[in-house]
Amino acid sequence: MVHYPKVSIVIPVYNYEQYIKECIDSCLDQTYSNIEIIVVDDGSTDGTPAIIESYGNKVISLKQANLGAAVALNNGIKASTGEFVCWLSSDDAFLPNKIELQVNQFLLLPGYDLVYTDFYVIDSNGVTISEFESAWHPPSRALSQVLLSNFINGSTVMMRRKIWEAVDGFYERIPANVDTHMWIKLLLINARFLLLPEKLVRYRTHPGNQSHNKELMQTYIDLVFMWAFKTIPINKIHAGNRPNSALFSKGVKHFKVKRIGTFLACYKRMEPFTFAKFVATALYLYSHLVYFKYIRYINGKYKECFL
C-alpha cells in the first residue's frame, strides 16, 4: 500500500488583500488531497484578515505582530504537522498539480531532501509575461552557484520537514534574502536538491514586491554574502569550479572587499611563482587590511541583524 505523506503549505501574508484569495484558492484546488494550509497573518491592517476568516476551517489561521516573513514562515511550519513542508508567497499561486508531482518525485527518489520547479512569471493582473526554467547544479557545484546567483524560487520548493529542522528554520533577524541564506545552510549539511523541470507556480512581479526595493535587497544580500564567506572554506566555495570571472564580478558588485580577497586567495596558490602571482599576493594582503575595516563598518551599521 502506497503511503501518501501529509504536506503542509505555509502562506505568510502582510497587507495583500488583492492577491491572498487567489493564493489560498490555488492551494485548495490541489489534486493532492493530504494537505494542510496554514495562513500566517503578519500584522495586516487592510482587508486581509477578513478574507482569511472567510475560509473557516478550510485553512489554519495564525496571527502575529508585523515581524517579517521569516518569523511568519517559522511560526507556520512549527504549527504544521506535515512530513513535507512548502510555502507560498501571498501574491503567488500554485498550479493544481504542483503538490502531487513533487510528492511523486520524493516517493520515486527518496534520497533527495528538497524539490524545486520551473515557474511562470505573471504581472499584477495575473497575465503571464514570461516563463522561467530554473537551473540545476550537481552537489559539487551547487554552493558556488547559489553564491553566484540564487537559482531557486522559494515558492516552488517542497522540502522534508526534518531537513528544515536540521538547520533551525529560517534566520529571523534579516527581513530579506532569507531564501538564499536557507539554501546555503542546507548545502553546508550536504542536503540534496532536485529540479522538477515543470512550470508549477505563478510567480507575480509587481511594484509592491520586496525585490523591487533595491536598497533593502542590496543591504541584506551583502550581509548574507559576508556571513557565507566568513563561514565557508574557500575550497568548499569553489569545489567543482575553477575560480571564475563571473563569481569575481558579482563579488565586486555585491560584496566588494571580501570577495576580492577570496578570489585572489585562490590565485595566490598558482604555481610557479610569476609576476602575476606576486601582484595577486600583494593585492590579497591589501584586501585583508581593507576587509577588517569593512567588517568594523558592517558590525557598527547592522549590528542588530549581524549573522
Side-chain angles (χ1 to χ4, degrees), residues 5 7-13 16 19-20 22-32 35-40 69-70 72-73 76-77 80 82-109 112-123 126 128-137 139 142 145-146 148-161 163-164 167 169-170 176-187 191-206 209-211:
V7 177
S8 301
I9 306 171
V10 177
I11 303 172
V13 57
Y16 264 167
Y19 302 127
I20 186 62
E22 179 183 352
C23 177
I24 295 174
D25 287 346
S26 77
C27 297
L28 291 171
D29 291 340
Q30 290 298 299
T31 57
Y32 188 83
I35 64 172
E36 63 179 0
I37 302 167
I38 300 158
V39 184
V40 185
L73 284 167
I77 295 174
S80 70
E83 181 179 340
F84 294 94
V85 296
C86 54
W87 56 94
L88 180 60
S89 295
S90 53
D91 52 349
D92 298 341
F94 287 159
L95 270 68
N97 57 346
K98 193 260 190 190
I99 301 299
E100 179 182 3
L101 292 178
Q102 286 185 299
V103 169
N104 287 342
Q105 290 298 299
F106 278 113
L107 295 178
L108 288 170
L109 301 166
Y112 286 91
D113 301 295
L114 180 152
V115 176
Y116 63 103
T117 77
D118 299 336
F119 55 93
Y120 295 102
V121 180
I122 62 176
D123 65 14
T128 300
I129 55 178
S130 64
E131 301 178 3
F132 192 91
E133 295 182 354
S134 302
W136 180 84
H137 302 281
Q145 294 304 308
V146 166
L148 180 59
S149 178
N150 180 11
F151 55 87
I152 301 174
N153 182 318
S155 286
T156 74
V157 164
M158 180 185 292
M159 68 169 66
R160 296 184 186 277
R161 180 188 199 84
I163 204 71
W164 176 86
V167 294
F170 290 92
N177 210 34
V178 294
D179 281 359
T180 301
H181 187 260
M182 171 63 79
W183 313 149
I184 294 170
K185 289 197 299 181
L186 290 171
L187 290 168
R192 296 189 66 195
F193 293 9
L194 177 68
L195 169 64
L196 173 58
E198 295 199 36
K199 299 171 187 68
L200 300 175
V201 170
R202 286 160 54 84
Y203 169 75
R204 194 183 308 269
T205 178
H206 57 91
N209 280 135
Q210 187 184 70
S211 59

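Basis for what follows: all heavy atoms, side chains included, without hydrogens, waters or symmetry-related copies.
Ser130 places no side-chain N or O within 3.5 Å of a backbone atom of Val121 that could act as its donor or acceptor partner. Side-chain N or O atoms of Gln30 include one that pairs as donor or acceptor with a backbone N or O of Ile99 at under 3.5 Å. The backbone N or O of Gly169 sits less than 3.5 Å from a side-chain atom of Lys185, completing a donor-acceptor pair. When atom types are taken as modelled, the side chain of Arg204 and the backbone of Asp91 share a donor-acceptor pair closer than 3.5 angstrom. Distance alone, capped at 3.5 Å, places no donor-acceptor pair between the Arg202 side chain and the Ile122 backbone. Judged by distance alone, the side chain of Arg161 and the main-chain N or O of Ser8 form no donor-acceptor pair under 3.5 Å.
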Stepwise side chain to side chain contact (heavy atoms under 4.5 Å, CB included) test for Val85 and Val10: CA-CA 8 Å; Val85 296; Val10 177; 5.9 Å; no
Go through the steps to decide whether Leu88 and Ser26 satisfy the test side chain to side chain contact (heavy atoms under 4.5 Å, CB included), and finish with yes or no. CA-CA 10 Å; Leu88 180 60; Ser26 77; 3.8 Å; yes
Quick one, Asp179 with Ile152, criterion side chain to side chain contact (heavy atoms under 4.5 Å, CB included). Give me CA distance, side-chain angles, the key distance, then yes/no. CA-CA 8 Å; Asp179 281 359; Ile152 301 174; over 6 Å; no
Chi angles and distances behind the side chain to side chain contact (heavy atoms under 4.5 Å, CB included) call for Phe94, Leu200: CA-CA 6 Å; Phe94 287 159; Leu200 300 175; over 6 Å; no
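For the salt bridge (Lys or Arg N to Asp or Glu O under 4.0 Å) test, residues two or more places apart in sequence or in another chain that qualify with Asp25 are Lys21.
For the atom pair Leu196 CG and Tyr116 OH, the distance stands at 10.5 Å (nearest 0.5 Å). Here CE of Met158 is found 12.0 Å from CG of Leu194. Values are rounded to the nearest 0.5 Å. The CD1 atom of Ile37 sits 12.5 Å away from the OG atom of Ser80 when rounded to the nearest 0.5 Å. In this structure, Met182 CE and Ile163 CD1 are separated by 10.0 Å, a value rounded to the nearest 0.5 Å. Note that NE2 of His137 and CG of Leu195 are 10.0 Å apart. Values are rounded to the nearest 0.5 Å. We find the SG-CD distance between Cys27 and Glu22 to be 11.0 Å, quoted to the nearest 0.5 Å.
Considering all non-hydrogen atoms of both residues, Leu107 and Pro5 come closest at CD2-CD, 4.4 Å. Scanning all heavy atoms of the two residues, the minimum distance from Arg160 to Leu109 falls at NH2-O, 4.4 Å. Considering every non-hydrogen atom in both Ser134 and Phe119, the closest pair reads OG-CE2, 4.1 Å.
A cation-pi contact, defined as under 6.0 Å to the ring centre and within 45° of the axis, links Arg192 to Tyr112.
Val13 is not listed as a side-chain neighbour of Tyr19, based on a closest heavy-atom distance of 4.5 Å or more. Residues Cys86 and Val157 have side chains not in contact (no heavy-atom distance under 4.5 Å, counting atoms from C-beta outward). Contact check for Asp113 versus Leu186: no side-chain heavy atoms found under the 4.5 Å cut-off. A 4.5 Å side-chain heavy-atom check between Cys23 and Ile11 finds at least one atom pair inside the cut-off. Gln105 places none of its side-chain heavy atoms less than 4.5 Å from the side chain of Leu101.
A side-chain contact (heavy atoms from CB on, under 4.5 Å) with Thr117 holds for exactly one of Gln102, Glu198, Lys199; it is Gln102. Each of Ile129, Leu95, Asp92, Val201 was evaluated against Tyr120; a single residue qualifies, Leu95, per the side-chain contact (heavy atoms from CB on, under 4.5 Å) test.
Remark: aromatic rings of Phe170 and Trp87 are close, center separation under 6.0 Å. In this structure, Phe132 has its ring center at least 6.0 angstrom away from the ring center of Tyr203.
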